[in-house]
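Because the structure is a prediction, the values reported are computed rather than measured. Below, read A as the first sequence line, B as the second, and so on, with proteins coming before strands; counting in each chain starts at 1.
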There are 2 protein chains.
Amino acid sequence: MKWSEHALVSLERAGYRSSAPRTAVVGALGAVGCGVTARQIGNLLDSRGDRVGVASIYRALEVLEAEGLVQRFDVGDSAARYEPALPSGEHHHHLVCERCGEVEAFEDEGLERAISRLARRVDFAIDAHDVTLKGECPECSGSRRRSSR
Amino acid sequence: MKWSEHALVSLERAGYRSSAPRTAVVGALGAVGCGVTARQIGNLLDSRGDRVGVASIYRALEVLEAEGLVQRFDVGDSAARYEPALPSGEHHHHLVCERCGEVEAFEDEGLERAISRLARRVDFAIDAHDVTLKGECPECSGSRRRSSR
DNA sequence: GTGAATGCAAACTCTTTGCATGACT
DNA sequence: AGTCATGCAAAGAGTTTGCATTCAC
């Protein structure tokens, strides 16, 4: 089942009404998949012809996060990023290019193992985690070499 | 050598002038150590009697980060956090309580190993990383159990 | 003296909220 | 019908910037 369908069903079960704006936000999130900002969602909805107010986008994201249907994270550029949370619990983390701001996803089993081992030994009850690797993406490394900048 | 002294020397060597406001910001950062926001630095400076404008705090932090003397990170509460970067490269990561917002530091060798292994296999040139574990701190778990909330 | 750094206030961006209107169930 | 959800616009929080002044070298 696609994430967007799963999300809509979950919201309905949780007692939320099925409104056009919220459905559109879910559709947009399902379409882009990874690491979008609220602004990007708004732009996508605009280009689709779905006119949704900013407030509704934020409110939809708030509900989705509360229901565990989206994960919110931050790569340090002052705009929160959101992405679908898969019911399987499967997830990834992010590479961020410090030069151009590009965000790319990666998965790593070894990292997950290290984190779950760690989660057991700390005194907090851990229920989520976030890893961000920062550096230079291949394109930026390339152009820097070429232009000596 | 204390971090604050190291930082001041590094700035001077890099050609920055040694001004009272910037020196005060370095002093404040050195005093608190871990995960402070710009606002907290401002408050500390106020209580010390050092009157430093917000803009200067941000500008000082910008310079320090550019020189690799402080690390900036984000725990998702919409205010950037800063902490001294030790010249040894030694560093830690953070536990964040989702209930009360408390931020605590931890170190984990296994995690660092997993990350450096990972950094070698991705196509970005990684030069930094950030790990945030989210959950409930001991105090919040306790009070929740006691008050059933 | 000259240019860098400061402080203030205005400007900006992202996000949240109050409130009247509109839309699911 | 009764609410919940929306949209707009105003309000907030954090951060940045323009500009005249002050200070370090």
Side-chain angles (χ1 to χ4, degrees), chain A residues 7-29 35-46 48-67 69-70 72-82 101 103, chain B residues 7-29 35-46 48-67 69-70 72-82 101 103:
Chain A
L8 292 175
V9 171
S10 301
L11 288 181
E12 192 180 336
R13 285 211 187 116
Y16 293 98
R17 292 185 180 174
S18 137
S19 71
R22 193 146 55 200
T23 302
V25 171
V26 170
L29 265 169
V36 272
T37 62
R39 167 179 293 277
Q40 291 174 319
I41 292 172
N43 290 157
L44 177 55
L45 292 177
D46 276 351
R48 282 185 175 185
D50 294 324
R51 285 188 333 308
V52 177
V54 230
S56 299
I57 294 175
Y58 282 106
R59 283 190 274 235
L61 290 169
E62 187 183 5
V63 165
L64 288 164
E65 195 193 4
E67 292 297 315
L69 293 164
V70 310
R72 172 200 216 153
F73 65 97
D74 218 299
V75 297
D77 61 350
S78 82
R81 293 179 179 260
Y82 301 84
V103 177
Chain B
L8 292 175
V9 172
S10 301
L11 289 182
E12 192 181 337
R13 285 211 186 115
Y16 293 98
R17 292 183 180 177
S18 140
S19 72
R22 194 146 54 201
T23 301
V25 170
V26 170
L29 265 169
V36 272
T37 62
R39 167 179 291 278
Q40 291 173 319
I41 292 172
N43 291 157
L44 176 55
L45 292 176
D46 276 351
R48 282 185 174 186
D50 294 324
R51 286 189 331 309
V52 177
V54 229
S56 299
I57 294 175
Y58 282 106
R59 283 189 275 233
L61 291 169
E62 186 183 5
V63 165
L64 288 165
E65 195 194 3
E67 293 297 316
L69 294 164
V70 310
R72 172 200 216 151
F73 65 97
D74 217 299
V75 297
D77 61 348
S78 83
R81 292 179 178 260
Y82 301 84
V103 177

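- Whole-Å rounding puts the R51(A) CZ to dT21(C) C1' distance at 15 Å.
- Rounded to whole Å, atom P of dC14(C) lies 12 Å from atom OH of Y82(A).
- Per the geometry, CD1 belonging to I57(A) stands 13 Å off C1' belonging to dC14(C), to the nearest Å.
- Remark: R39(B) is not in phosphate contact with dA13(D), judged by side-chain N or O atoms under 4.0 Å from OP1 or OP2.
- Residue contacts for T37(B): at a heavy-atom cut-off of 4.0 Å it reaches no nucleic acid atom on any strand shown.
- The nearest pair of heavy atoms linking R81(B) to Q40(B) is NH1-OE1, 4.3 Å.
- Using a 4.0 Å cut-off, some side-chain N or O of S19(B) falls inside it from OP1 or OP2 of dT6(C).
- Dense packing is recorded around CZ of R48(B), with more than 12 heavy atoms of other residues, nucleotides or ligands lying under 6.0 Å away.
- Here dT17(D) presents its C1' atom at 11 Å from CD of E62(B), a figure rounded to the nearest Å.
- Separating the CZ atom of R22(A) from the P atom of dT3(D) is a distance of 18 Å, rounded to the nearest angstrom.
- Contact detail for G42(B) and I57(B): the closest heavy-atom pair is CA-CD1, 3.6 Å.
- A sub-4.0 Å separation between OP1 or OP2 of dA5(D) and a side-chain N or O of S56(A) is absent.
- Summary of the strand contacts: A20(B) and A55(A) both lie near DNA chain D, and taking for each the nucleotide with the nearest heavy atom, the more 5' one is attributed to A55(A).
- As rounded to whole Å, 14 Å separates atom P of dA13(D) from atom CG of N43(B).
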Going through the checks in order, is the side chain to side chain contact (heavy atoms under 4.5 Å, CB included) test met by L29(A) and L64(A)?
-> CA-CA 11 Å; L29(A) 265 169; L64(A) 288 164; 3.9 Å; yes
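- Of the residues near DNA chain C, R17(B) and V52(B), the one whose nearest nucleotide (by heavy atom distance) lies more toward the 5' end is R17(B).
- Using a 4.0 Å heavy-atom cutoff across all strands shown, A80(A) reaches sugar-phosphate atoms only and no base atom.
- The distance from atom CZ of R81(B) to atom P of dT15(D) is 10 Å, rounded to the nearest whole Å.
- When heavy atoms are screened at a 4.0 angstrom cut-off, A60(B) is found touching no nucleic acid atom at all.
- As judged by a 4.0 angstrom heavy-atom cut-off over every strand, R59(B) is placed among the base-contacting residues.
- Among the protein residues, A79(B) comes within range of the sugar-phosphate backbone only, with heavy atoms under 4.0 Å from sugar or phosphate atoms but none that close to a base.
- Rounded to whole Å, atom C1' of dT15(D) lies 13 Å from atom CD of E65(B).
- Considering every non-hydrogen atom in both D74(B) and A80(B), the closest pair reads OD2-CA, 4.4 Å.
- Residue Y58(B) places its side chain closer to dG14(D) than to any other of dT25(C), dA9(C), dG14(D).
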